[in-house]
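Throughout, a chain's letter reflects where its sequence line sits, starting with A, and its residues are numbered from 1.
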Amino acid sequence: MDTTITFLQLAIPAEENFSLADTLDCGQCFRWEAEGDGWYHGVVSRRFCRAKQMPDGLLLEHAAEGDEPFWRNYFDLEVSYAAIRERLCRDRQLARAAAFAPGIRVLRQEPWETLCSFIISQNNNLGRIKGIVARLCGGFGDELSVGIHAFPRPEQLAGHTEEDLAPLRAGWRAGYLLDAADKVASGELDLDEIARMPLDDARAALQTIRGVGPKVAECALLYGFGRRECFPMDVWMKRAMKQLFPKGLPRCARADAGIAQQYIFHYARVCPEAFDKK
DNA sequence: TGCCAGGCGACGC
DNA sequence: GCGTCGCATGGC
């Protein structure tokens with residue numbers, strides 16, 4: 001058995017203001033767990049790794065040397081968030097929202113996993129979403145090493161019954177997951193093709209899945225397909241937008257709407273008392 | 001105990 | 001097209 005532990009360091013310029021904790025805890029991903037001492041561990045696209053923020057960037061344990069481009073892409077490190085924030089912060093309210101967690105980056109996650117995760121997210125809370133995703137991986141995904149499972153491929157879910165998925169405790173979302181798996185595994189829906197479609201066509205294609213409406217499609221496109229102009233509106237965002245931007249998102253945020261959304265969402269979640277429930 | 005959670009589908013109008 | 005309701009589950 002090879003017991004060599006590999007480390008990979010990703011340099012991140014200080015002006016990026018990167019925060020691993022805010023990035024992993026802001027509700028966009030569901031497979032990272034905090035270990036309590038600054039370390040996190042998670043599985044991304046069949047790669048298990050531990051991550052810790054260092055003064056000059058990010059330290060990844062168990063990450064292969066050749067995977068540096070993969071991880072840089074995952075953490076969206078080829079994009080300057082300093083420049084994006086500069087554009088967004090021309091608006092005073094956006095500047096206020098971004099100030100709560102300027103180190104957030106919008107991860108570039110796998111389309112299929114992201115789609116399923118946000119199907120599970122509907123009328124649900126972050127803790128439970130993570131639990132259901134963990135049980136989905138444990139029950140149906142490949143075991144990568146002892147106790148560590150990949151997210152199940154569509155064909156590993158397709159053909160199962162809602163009864164088979166009962167241990168997930170996903171409730172009525174189980175049927176939605178199965179419909180997504182059946183459509184993707186059968187080729188009726190081609191996620192690679194969706195990735196290349198004009199945005200409105202991609203939205204419509206995703207919404208042919210039972211249980212995928214405007215919100216879930218928007219999240220899948222933003223987090224899983226890298227469509228940064230997408231702007232998911234959930235209950236938190238609706239509350240925040242009503243107070244902060246009753247006339248809609250300012251112009252300066254148009255191209256980076258998804259990233260603006262992440263700042264606003266996080267602000268609303270960490271300061272719920274600042275926003276009316278109605 | 002009731003209320004709520006990163007919604008959606010079915011239904012009535 | 002729009003409002004309302006129920007939906008499974010678990011934390012508070």
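The distance between atom CZ of F30(A) and atom P of dG6(B), rounded to the nearest whole Å, is 9 Å. Here dC8(B) presents its P atom at 13 Å from CZ of R203(A), a figure rounded to the nearest Å. Here the C1' atom of nucleotide dC4(B) and the CG atom of L126(A) are 13 Å apart, to the nearest Å. Taking atom CZ on R210(A) and atom P on dC8(B), their separation rounds to 13 Å, with Å as the unit. Protein atom CG of D179(A) is 10 Å distant from nucleotide atom P of dG9(B), rounded to whole Å. Counting to the nearest Å, the P atom of dG7(B) and the CD1 atom of I209(A) are 17 Å from each other. Atom-to-atom, CD1 of I129(A) to C1' of dC4(B) comes out at 13 Å; the value is rounded to the nearest Å. Rounded to whole Å, atom C1' of dC4(B) lies 15 Å from atom CZ of R269(A).
An aromatic stacking contact links F265(A) with the base of dG6(B), defined here by ring centres under 5.5 Å apart and ring planes under 30° from parallel.
At a threshold of 4.5 Å between side-chain heavy atoms, the hydrophobic network of Ile, Leu, Val, Met, Phe, Trp and Tyr places L189(A) and M197(A) in one connected group.
Remark: E163(A) CD is loosely packed, at most 12 non-hydrogen atoms of other residues, nucleotides or ligands lying under 6.0 Å away.
F151(A) and W112(A) have perpendicular rings, their planes meeting at more than 60° on a 0 to 90° scale where under 30° would count as parallel. The aromatic rings of F75(A) and W32(A) are tilted relative to each other, their planes meeting at an angle between 30° and 60°.
Nucleotides dC11(B) and dA8(C), compared at atom P, are 16 Å apart to the nearest Å. Comparing dT4(C) with dG6(B), their P atoms sit 23 Å apart, to the nearest whole Å.
When heavy atoms are screened at a 4.0 angstrom cut-off, Y223(A) is found touching base atoms of the nucleic acid. Among the atoms of the strands shown, none is found under 4.0 Å from any heavy atom of E218(A).
Each of V212(A) and G27(A) has a nearest nucleotide on DNA chain B; the 5'-most of these lies closest to G27(A). Take the nearest nucleotide of DNA chain B for M237(A) and for G211(A): the residue whose nucleotide is more 5' is M237(A).
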With sugar-phosphate taken as primed atoms, P, OP1 and OP2 and all else as base, the protein-contact string of nucleotides 7-12 of chain C at under 4.0 Å (heavy atoms; B, S, -) is BBBS--

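Among V133(A), I129(A), L126(A), the single residue meeting the side-chain contact (heavy atoms from CB on, under 4.5 Å) criterion with S121(A) is I129(A).
Side-chain atoms of Q261(A) and base atoms of dG6(B) include a donor and an acceptor less than 3.5 Å apart.
Taking the centre of each ring, F118(A) and Y223(A) come in below the 6.0 Å mark. Taking the six-membered ring for Trp, F140(A) and H160(A) have ring centres closer than 6.0 Å.
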